[in-house]
Amino acid sequence: MADWSKTWTWVDGEWLEGNPPLMGPRTHAAWLASSVFDGARAFDGVMPDLDLHSQRINASAGALGLSATMQWEQIAELTKEGMGKFERDEAVYIKPMYWAEEDGPTVIDGAADSTRFCLCLFAAPMPPKDKAISLTLSPFRRPTMETMPVNAKAGCLYPNNARASVEAKKRGFDNAIMRDTLGNVAELTSANVFMVKDGDVHTPFWNGTFLNGITRQRTIQLLRDAGYEVYERTLSFRDFQEADEIFSTGNYSKVVPANRLDDREMEPGPVSKRAQELYFEYAAKSPFTY
């Protein structure tokens, strides 16, 4: 029996505690992966960009051929209601999900009219702000739109990233830089990636092979508003090897600097630190509170 953290899930009109059984062996998503999800965060009384996360889950559903049965405002309101089941000092991961319950006309497709929705909230501590990560180059690459539904935050995309993560951890690293099919840097296994050179910030141009993260977009805007030059462009692994600083952005951990790339030790630098400060200053002013 898994030792789940404190968890509440809204499904079919009621809140259920723990890990309720929602799928059976005939559930389409359970055997053919017709599921999408999103992830937002609640901490320190705020839920930054909850509107964007709630909107993105609906866009992901459409991209995978599912029906978005909830308005984003409903998802946001349910989230606020569910946060009442947690203490204010508990950091929470916010996970809305859609999945197909039944087979579609070709069996391998999910029936859109059988789409189900749930909202799962579970306790997940925020990482310490002085956390730094070690990185390496992954031998695995990101797919393109022609091969996978990369325009959705779909569950079927994550086994590829997971094998990259496991391979990197076996070699003693926290995370890995993944390239696209052309060999250009795309992202980390579980976050977007930035580098700093001579005070300017660079991040891979969003070419449809990786998730254009909400925290990524927010960080780009915050840095530009603060006067930094931020370039979205094609980047090679060599560019990262020659960078002054590297940091990641993602919903789960927000902004995290790197302290090592392969055998090169790196000190978390001033731009990475400022990006982190800017994000949490923004988050503290979020209109979405609980």
Side-chain angles (χ1 to χ4, degrees), residues 5 39-41 43-44 48-49 91-93 123-140 142 158 161-179 185-204 210-211 213-224 226 228-232 235-284:
S5 66
R41 272 295 208 169
F43 56 90
D44 297 337
D49 290 324
V92 171
Y93 190 80
M126 295 290 289
K129 292 182 181 177
D130 61 354
K131 174 184 176 181
I133 54 175
S134 58
L135 301 175
T136 186
L137 178 65
S138 176
F140 301 109
R142 290 287 303 171
Y158 283 80
N161 287 38
R163 64 177 183 161
S165 178
V166 169
E167 190 274 339
K169 290 182 187 301
K170 285 181 178 178
R171 292 194 283 116
F173 297 91
D174 298 315
N175 212 321
I177 291 176
M178 297 186 74
R179 294 168 293 179
V185 170
E187 63 171 1
L188 303 187
T189 68
S190 54
N192 294 123
V193 66
F194 290 72
M195 54 161 276
V196 181
K197 185 69 175 178
D198 298 328
D200 293 335
V201 182
H202 306 260
T203 192
F210 61 92
L211 191 69
I214 289 170
T215 307
R216 172 189 184 272
Q217 297 173 58
R218 181 64 62 194
T219 301
I220 290 172
Q221 190 59 55
L222 290 170
L223 285 168
R224 285 174 173 164
Y228 290 90
E229 295 290 341
V230 182
Y231 299 96
E232 297 179 77
L235 293 167
S236 68
F237 183 62
R238 179 177 291 278
D239 289 322
F240 280 82
Q241 290 176 308
E242 297 174 351
D244 300 325
E245 304 175 43
I246 300 173
F247 64 92
S248 69
T249 64
N251 174 65
Y252 201 94
S253 299
K254 300 308 180 185
V255 182
V256 180
N259 59 10
R260 180 161 64 105
L261 177 61
D262 287 328
D263 59 357
R264 177 192 170 194
E265 300 291 332
M266 306 177 71
E267 287 293 329
V271 181
S272 302
K273 181 179 180 181
R274 186 59 183 143
Q276 186 182 71
E277 291 172 345
L278 287 168
Y279 180 82
F280 282 102
E281 288 169 7
Y282 163 80

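Counting only heavy atoms from C-beta outward, the side chains of Asp49 and Thr215 never approach each other to under 4.5 Å. Taking the side chain as every heavy atom from C-beta outward, Asn161 and Glu187 approach each other to under 4.5 Å. Residues Thr203 and Asn192 are not in side-chain contact: their nearest non-hydrogen atoms beyond the backbone lie 4.5 Å or more apart.
For the side chain to side chain contact (heavy atoms under 4.5 Å, CB included) with Val166, the lone residue among Arg163, Lys169, Lys170 that qualifies is Lys170.
The minimum heavy-atom distance linking Ala123 with Ser5 is given by the pair O-OG, 2.8 Å. Here the shortest heavy-atom pairing between Val255 and Ser272 reads CG1-O, 4.2 Å. Heavy-atom minimum distance, Arg41 versus Tyr93: NH1-N, 4.1 Å. Shown here for Lys254 and Phe43, the closest heavy-atom pair between the two residues is CE-CE2, 4.1 Å. Minimum heavy-atom separation, Arg142 to Ala186: CG-CB, 4.0 Å. Scanning all heavy atoms of the two residues, the minimum distance from Phe237 to Val185 falls at N-CG2, 3.7 Å.
Note that CG of Leu222 and CD of Gln217 are 12.0 Å apart. Values are rounded to the nearest 0.5 Å. The CD1 atom of Ile246 sits 9.0 Å away from atom CD of Gln241, with the distance rounded to the nearest 0.5 Å. How far OG1 of Thr249 is from CG of Leu188: 8.5 Å, rounded to the nearest 0.5 Å. In this structure, the separation between CD on Glu242 and CZ on Arg264 is 9.0 Å, given to the nearest 0.5 Å. Annotation: the span from Phe280 atom CZ to Lys129 atom NZ amounts to 5.0 Å, rounded to 0.5 Å. Here the OG1-CG distance, from Thr219 to Leu278, works out to 8.5 Å after rounding to the nearest 0.5 Å.
Salt bridge absent: Glu245 and Lys273 never bring a charged side-chain N and a carboxylate O closer than 4.0 Å. With respect to Arg274 and Glu277, a salt bridge is recorded, a charged nitrogen being found less than 4.0 Å from a carboxylate O.
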Ignoring hydrogens and angles, write down the donor-acceptor pairs under 3.5 Å from the side chains of residues 130-140, residues two or more places apart or on other chains.
{"unit_1": "Ser134", "atom_1": "OG", "unit_2": "Asp174", "atom_2": "N", "d": "3.0"}
{"unit_1": "Ser134", "atom_1": "OG", "unit_2": "Asp174", "atom_2": "OD2", "d": "3.1"}
{"unit_1": "Thr136", "atom_1": "OG1", "unit_2": "Arg171", "atom_2": "NH1", "d": "3.1"}
{"unit_1": "Thr136", "atom_1": "OG1", "unit_2": "Arg171", "atom_2": "NH2", "d": "3.4"}
{"unit_1": "Thr136", "atom_1": "OG1", "unit_2": "Asp262", "atom_2": "OD1", "d": "2.5"}
{"unit_1": "Ser138", "atom_1": "OG", "unit_2": "Phe140", "atom_2": "N", "d": "3.0"}

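Counting only N and O atoms by type, the side chains of Asn175 and Ser190 include a donor and acceptor under 3.5 Å apart.
Looking at residues two or more places apart in sequence or on another chain, you find no side chain to side chain donor-acceptor pair (under 3.5 Å) involving Arg260. Contacts of Tyr231 classified as ring pair (Phe, Tyr, Trp, His ring centres under 6.0 Å), with partners at least two apart in sequence or in another chain: His202.
Checked by atom type and distance alone, the side chain of Arg224 pairs as donor or acceptor with a backbone atom of Val230 at under 3.5 Å. Between the side chain of Asp200 and the backbone N or O of Lys197, no donor-acceptor pair lies under 3.5 Å.
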